[in-house]
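I have placed the structure first, in the form of structure tokens, so that the comments after it can refer back to it.
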Amino acid sequence: MAKGLAVTMRHMLQKSETQQYPEVHPDLPARSRGVIALVEENCTVCMLCARECPDWCIYIDSHKETLPAPEGGRPRARNVLDRFAIDFSLCMYCGICIEVCPFDALFWSPEFEYAEYDIRDLLHEKDKLGEWAATVPPPLAHEVGAESPKELSAGSRPAAARRTAPPAPARGPAEGASVAPEAAQGTAHKAARDTAQGAERETTQDTAQDTGQGPGRDATQDTDQETARETARRPAAEPAKGPESPPRREPPRAMRDIRSIRPPGSLPKNAGSPPQKKDGPEGER
């Protein structure tokens, strides 16, 4: 009993830390989760918040409106929000709807004074949620030395720096040396092709002359024409080949004779050899 009175006397002499609510409002943290606020202008009725809500406490209704396109284009359809309600009697304040919203239409508000005497009055519509949006505090400033957002860093760069393409890498001496044999081989192919075309052109001219002269042509001319045809039929000079490739490696003996292997019992029988007689009673039959 004496110890209990000592504890009571000690706390009576100390300064009280109790805040006189509701006359004095508490100092809440900057990121406290009081209630969910809605910015109606940002909502596009994508239904992500309603689908991801684990308690199914978000109700959304909308309709489509056709807007005329400027400059005589095709009219476009737009979703118009009719109803956005949150049942805070079911909400567990997980914040998933705020995280998945792609257009920043939902925010945390520090307001917590929305208690009701009837549980059915905890279903708040978009008008009440829009009033709480005015109490959302501004975001905190970045820490000293933190990186700026990618949107701001990309917009601050000059346009010329974004359009300039990186310079092409310079070719080294090894790369130039490897290109030289390919150029020589291409030149040889071109010379062979020109030779073949010239021979074919001469053959065409000779054929035209033969058609115009008729049966009274000279034997010397016939001999020359036959010689030109023989020259045209000959294959063109082969292009210069590059470095010789290594000889092809022959497969091992077992791989070369794999087609000659036959299963047991499939070998052909010699027609001249007499049939072998089996021992035992089977042979006597």
Side-chain angles (χ1 to χ4, degrees), residues 19 21-22 24-159 162:
Q19 293 182 351
Y21 177 82
V24 180
H25 287 269
D27 297 331
L28 300 175
R31 302 180 64 182
S32 60
R33 298 186 175 186
V35 73
I36 299 174
L38 170 68
V39 180
E40 185 177 353
E41 292 78 9
N42 295 349
C43 182
T44 60
V45 200
C46 64
M47 305 294 291
L48 280 177
C49 55
R51 286 193 300 232
E52 298 296 333
C53 179
D55 293 334
W56 292 84
C57 62
I58 301 178
Y59 310 99
I60 301 176
D61 293 333
S62 65
H63 70 278
K64 288 189 176 182
E65 289 184 357
T66 303
L67 301 178
E71 300 179 359
R74 187 179 64 179
R76 298 177 179 269
R78 181 174 67 93
N79 291 327
V80 179
L81 182 65
D82 293 334
R83 184 194 182 197
F84 194 104
I86 300 178
D87 191 353
F88 286 99
S89 63
L90 301 176
C91 181
M92 65 179 186
Y93 304 93
C94 62
I96 294 178
C97 57
I98 298 176
E99 294 178 2
V100 301
C101 182
F103 299 103
D104 294 337
L106 298 176
F107 295 91
W108 279 115
S109 171
E111 293 292 329
F112 60 93
E113 299 175 329
Y114 55 94
E116 300 290 344
Y117 291 101
D118 192 350
I119 193 174
R120 292 173 293 183
D121 296 335
L122 289 175
L123 180 63
H124 296 286
E125 300 291 337
K126 63 177 182 178
D127 297 334
K128 187 63 176 179
L129 300 178
E131 294 177 4
W132 283 330
T135 62
V136 176
L140 300 177
H142 290 280
E143 297 181 358
V144 179
E147 296 182 0
S148 58
K150 296 181 180 180
E151 294 82 0
L152 298 179
S153 59
S156 60
R157 288 185 302 173
R162 292 196 298 267

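Along the sequence shown, residues are numbered consecutively beginning with 1. None of these values were measured; they are calculated from a predicted model.
For the pair F84/L106, a side-chain contact is recorded, criterion being any heavy-atom separation below 4.5 Å from C-beta on. For the pair I60/C49, a side-chain contact is recorded, criterion being any heavy-atom separation below 4.5 Å from C-beta on. In this structure, W108 and I36 have side chains that are in contact, with non-hydrogen atoms separated by less than 4.5 Å.
In this structure, R83 places its CZ atom where more than 12 heavy-atom neighbours from other residues, nucleotides or ligands lie under 6.0 Å away. Atom CD of E113 sits in a crowded spot, with more than 12 heavy atoms from other residues, nucleotides or ligands closer than 6.0 Å.
Judged purely by atom type and a 3.5 angstrom limit, R33 uses its side chain to pair as donor or acceptor with the backbone of Y93. Side-chain atoms of N42 come within 3.5 Å of backbone N or O of D104 as a donor-acceptor pair.
In this structure, E125 does not pair ionically with K128, as no charged nitrogen and carboxylate oxygen lie closer than 4.0 Å.
Nearest approach of L28 to P110, heavy atoms of both residues: CD1-O, 3.4 Å. The shortest heavy-atom contact between E116 and L122 is CG-CD2, 4.0 Å. Residues L81 and S62 share a closest heavy-atom pair of CA-CB, 4.3 Å. In this structure, R120 and D118 approach most closely via the heavy-atom pair NH2-OD2, 3.0 Å. When every heavy atom of A85 is checked against every heavy atom of L123, the shortest pair comes out as CB-CD1, 4.1 Å. Between L90 and D55, the closest heavy-atom pair is O-OD2, 2.9 Å.
Aromatic ring pairs are classed by plane angle as parallel below 30°, tilted from 30° to 60° and perpendicular above 60°; the pair F88 and Y114 is tilted.
For the atom pair CD (E41) and SG (C43), the distance works out to 10.0 Å, reported to the nearest 0.5 Å. Taken to the nearest 0.5 Å, the CZ atom of R51 stands 7.0 Å off from the SG atom of C46. Going from atom CG of L38 over to atom NE2 of H124 covers 13.5 Å, rounded to the nearest 0.5 Å. We find the SG-CZ distance between C101 and F107 to be 7.5 Å, quoted to the nearest 0.5 Å.
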Take V80 and H63 through the side chain to side chain contact (heavy atoms under 4.5 Å, CB included) test and state the conclusion after the steps. CA-CA 5 Å; V80 179; H63 70 278; 3.6 Å; yes
Might you work through the side chain to side chain contact (heavy atoms under 4.5 Å, CB included) test for E131 and E111, ending with a clear yes or no? CA-CA 11 Å; E131 294 177 4; E111 293 292 329; over 6 Å; no
